[in-house]
Amino acid sequence: MRRTDGQSNTSRKDLPKRNFRFSSGDVCILLVIVCFCIFLIAGMWVRMKISKDSAPYVRITKDGQVLLERPLSDFSEPVDYLISGERGSMNIYISSEKVCVTDSSCPDKICMHQGDLVRPGDGAVCLPNRVVVEIVSGSSGDSEGKVDVVSK
Amino acid sequence: MRSAIWTKECNKLPSHKKKPAPCASAGGRAFICLALIFSILMSSLLTSCKKTPKKTISLFALDTYVTLTVEGKEAEKAISEGTAFISEMEGKFSRQREDSEISLLNASSKDEPVTLSEETYLLLKTVCELSEKTEGAFDPTIAPLMDLWGFGTDAPGVPEEEEILGTLSKVDYRKIHLLSGNRAYVDPDTSIDLGGAAKGYIGDLLMEKIRSFDVKRVILDLGGNVSVWDRSSEVTVGIASPLEASGLLCTYSSPKNETVSVITSGAYERFFEEDGVRYGHIMDTKTGRPVTTDLLSATVISSDGTKGDCFSTTLFALGSEKARKFAVREGIDCILCMENGTLWVSSSLKGKVHAQDGWTIEYFA
C-alpha cells in the first residue's frame with residue numbers, strides 16, 4: 001500500500017494528469033470524507049428545512065393543560081374557538097394571520113386588551129379563567145427574535 | 001474489508017500527528033486530513049452534547065402569570081425550589097388569602113399586634129420607607145381605595161365623590177406601626193395591599209434562591225416584572241409598548257453577571273371603561289382617583305426589585321416632569337414613555353437602551 005503511494009507520488013510529479021492513480025487506501029479515505037461531507041450537508045439542510053417549514057402555531061392552555069395546539073396555517077378558514085373557564089366563557093378568534101380574544105366573561109378583560117396576536121412570542125393571559133393563548137414559533141424558539149423576555 | 005482498514009488507520013493517527021515527515025506521501029496527507037476532519041467532528045459533537053440543561057415553567061401564581069427560565073446543571077432542582085418558594089411567599093403576602101400574614105395584619109389592632117415572619121416584616125419596613133421617600137405617592141394602604149373602585153372585582157365602577165373622600169382618609173402609610181421583635185399592627189380603618197411591591201421583592205428573593213444552585217442563566221418573569229441574570233452573557237429585555245399589543249418600545253441589554261430587575265408600570269393593561277372614559281388601576285393618593293399623567297408607562301431598571309416596583313409606580317403617577325426630577329434626586333435608572341413618541345431615558349443608561357421604530361430616545365440627567 002505504502003509503496004504504491006510512493007509510486008503515484010513520483011509519477012504525479014512527472015505526468016500530473018494522465019498517470020495519477022489512487023491507491024485503495026486513498027479511495028477509502030476519500031470515500032469516508034465524502035460520506036462525512038454528505039452527512040454534514042444533509043444534516044444541516046434538514047435542520048434548515050425544519051426550521052423554515054415549521055410555521056408558527058397557536059397554543060391554548062387552560063390551567064396548564066393544552067386545549068389546542070395547531071399550526072396557524074391550518075386556519076385559512078377563520079374559526080371562533082369557544083372555551084368555558086372557571087368563571088365563564090371565552091371566545092378566541094383564530095385565523096392564519098392572527099389570533100385574538102374577542103370575548104371573555106372575566107371582569108378585567110386584560111386578555112382582550114392584548115389585541116391581535118401575530119408573531120411568535122405574542123400571547124394573551126386570562127388570569128380569572130386561567131387561560132393562556134400564545135403564538136409559538138415552530139423551531140423550538142430559535143427564531144423568536146432577539147428579545148429574551150419582556151417587561152410590562 | 002473497508003472497516004478493517006478504517007480501524008487500522010485510526011490507530012495510526014497519533015503517530016502520524018507526532019511525526020510530520022513521513023506524511024509527504026498522499027496517504028499520509030490523507031491521514032492528516034482525516035485526523036483534522038475527525039477532530040472537528042468530535043469537537044462539534046462534544047459541544048453539542050454538553051449543551052447545558054434549560055428548564056422553563058409557567059404557572060398562575062401571585063395573582064398573575066409567572067414564567068421562570070433557568071439554564072444550568074441544577075436547573076431542574078432550582079426551578080422546583082423556586083416554585084415552592086413562590087407559593088410560600090404567596091401564602092404570606094396575598095391579601096386574598098384569609099390566612100396570609102397580610103390578612104392577619106389587616107385584622108390586627110394596637111392591643112393585638114401580630115408577629116410577622118422576617119420576610120414580611122422587612123418588606124413592610126422597606127415599603128414604609130419608600131412611601132416616605134415618595135411623600136405618599138406610593139402607599140401600601142391603598143387597599144380600601146382599590147376596593148371602592150372595584151379593581152380586581154367583577155364590577156369595577158366610578159364611586160361617588162363623597163365615598164372617595166371618605167375612603168381617602170383611610171389611605172396613609174403612617175397608619176402602619178412597626179414594633180420591635182418583628183411585630184406590627186395597623187389602624188383598624190385601613191388595610192394593606194402589597195401588590196405594588198411584593199412582586200419586586202419576591203423577584204429579588206427568588207433570584208437569590210435560584211442563584212444558590214449551580215446555574216448559569218436565570219430569567220424570572222413575574223407577570224411582566226422581570227428579573228434577569230447571566231453569568232457569561234448579556235440578557236436582552238424588551239419593554240412592552242403601551243400602544244401596540246405585543247409591540248416593543250425599546251430593548252435593554254443587561255450587563256453580564258449582574259442581577260437586574262426591569263419593572264414597568266402603566267395603566268394600559270389593567271383598566272376599565274365607563275361612559276367612554278378610561279380608568280387605570282394606579283391611584284392618585286391625593287385625589288383618590290386614577291392618576292392623570294402624561295406618561296404611558298414608566299420602567300425602572302435597578303438591582304433592587306422592591307425599589308424598582310415601588311418607584312415605577314411612583315414615576316408613572318408623578319408625570320414626566322416631576323418623574324425626571326425625582327429620578328435624578330433618587331438616582332433611579334428609568335425609561336419614561338410619553339404619548340408623543342419620546343422616551344425619556346436616564347443618561348446613565350446610554351448605550352444600553354435601543355429604541356424600536358417609532359420611538360425616539362432623549363436622555364436626561
Side-chain angles (χ1 to χ4, degrees), chain A residues 1-9 12 20-33 36-37 39-40 61 63-64 87 100 105-119 121-128 130-132 134-135 141 145-152, chain B residues 2 5-6 9 24-28 30-31 33-34 37-38 41 58-60 63-65 67 69 150-156 217 219-221 223-226 228 230 234-242 244-246 248 251-252 261-264 266 268-272 281 297 299 301:
Chain A
M1 206 161 89
R2 223 122 293 280
R3 212 170 292 150
T4 42
D5 277 351
Q7 267 176 11
S8 68
N9 215 18
R12 191 191 291 169
F20 176 70
R21 283 174 58 227
F22 284 111
S23 72
S24 58
D26 283 348
V27 172
C28 200
I29 286 157
L30 272 173
L31 263 174
V32 169
I33 290 169
F36 265 128
C37 289
F39 255 110
L40 273 179
T61 52
D63 223 352
R87 294 232 201 163
C100 70
S105 57
C106 62
D108 53 21
K109 315 278 188 226
I110 292 175
C111 48
M112 286 167 69
H113 298 163
Q114 283 299 323
D116 294 346
L117 315 175
V118 184
R119 287 171 293 266
D122 291 357
V125 178
C126 184
L127 292 176
R130 297 197 156 226
V131 168
V132 181
E134 54 193 333
I135 297 185
K146 50 220 174 307
V147 178
D148 297 308
V149 62
V150 175
S151 165
K152 56 188 171 188
Chain B
R2 212 167 263 174
I5 294 171
W6 174 240
E9 281 159 358
S25 68
F31 277 135
C33 286
L34 191 64
I37 288 177
F38 221 84
L41 274 174
S58 294
L59 61 149
F60 288 96
D63 200 20
T64 186
Y65 189 59
T67 303
T69 307
F151 280 103
T153 69
D154 288 354
R217 184 181 171 91
I219 297 174
L220 310 177
D221 176 358
N225 284 20
V226 166
V228 298
D230 190 304
E234 292 183 341
V235 181
T236 309
V237 183
I239 317 294
S241 164
E244 182 199 354
S246 48
L248 295 179
T251 60
Y252 163 79
S261 74
V262 183
I263 297 177
T264 304
Y268 57 93
E269 265 195 344
R270 289 195 181 189
F271 62 83
F272 70 89
H281 78 290
S297 75
T299 303
I301 295 166

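All chains are named by letter (A, B, ...) in the order of the sequence lines, taking the proteins before the strands, and each is independently numbered beginning at 1.
- In terms of the salt bridge (Lys or Arg N to Asp or Glu O under 4.0 Å) criterion, Asp122(A) has no residue partners (sequence neighbours excluded).
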message = Using side chain to side chain donor-acceptor pair (under 3.5 Å), reason through Thr264(B) and Ser151(A) one step at a time and then give a plain yes or no.
response = CA-CA 6 Å; Thr264(B) 304; Ser151(A) 165; 2.7 Å; yes
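- With a 4.5 Å cut-off on non-hydrogen atoms, Thr251(B) touches chain A through its side chain but not through its backbone.
- Scanning all heavy atoms of the two residues, the minimum distance from Cys111(A) to Val125(A) falls at CB-O, 3.7 Å.
- Of the residues considered (Gly238(B), Ser297(B), Gly150(B)), Gly238(B) shows the highest number of contacts with chain A, using heavy-atom pairs under 4.5 Å.
- Note on Thr64(B), Thr67(B), Ile219(B): by heavy-atom pairs under 4.5 Å with chain A, the leading option is Thr64(B).
- Using a 4.5 Å cut-off between heavy atoms, Tyr65(B) contacts chain A through both its backbone and its side chain.
- Listed options Thr69(B), Asn225(B), Thr299(B), Val235(B) were ranked by heavy-atom pairs under 4.5 angstrom with chain A; first place goes to Val235(B).
- For Leu59(B), no part sits under 4.5 Å from any heavy atom of chain A, backbone or side chain.
- In this structure the side chain of Ile110(A) never reaches within 4.5 angstrom of the side chain of Leu127(A), judged on heavy atoms.
- Considering all non-hydrogen atoms of both residues, Val226(B) and Val237(B) come closest at CG1-CG1, 4.1 Å.
- When each of Leu220(B), Ile263(B), Val262(B) is scored by its heavy-atom pairs under 4.5 Å with chain A, the top score falls to Val262(B).
- Neither the backbone nor the side chain of Phe151(B) comes within less than 4.5 Å of any heavy atom of chain A.
- Scored by the salt bridge (Lys or Arg N to Asp or Glu O under 4.0 Å) test, Glu134(A) finds Arg59(A) as partners (sequence neighbours excluded).
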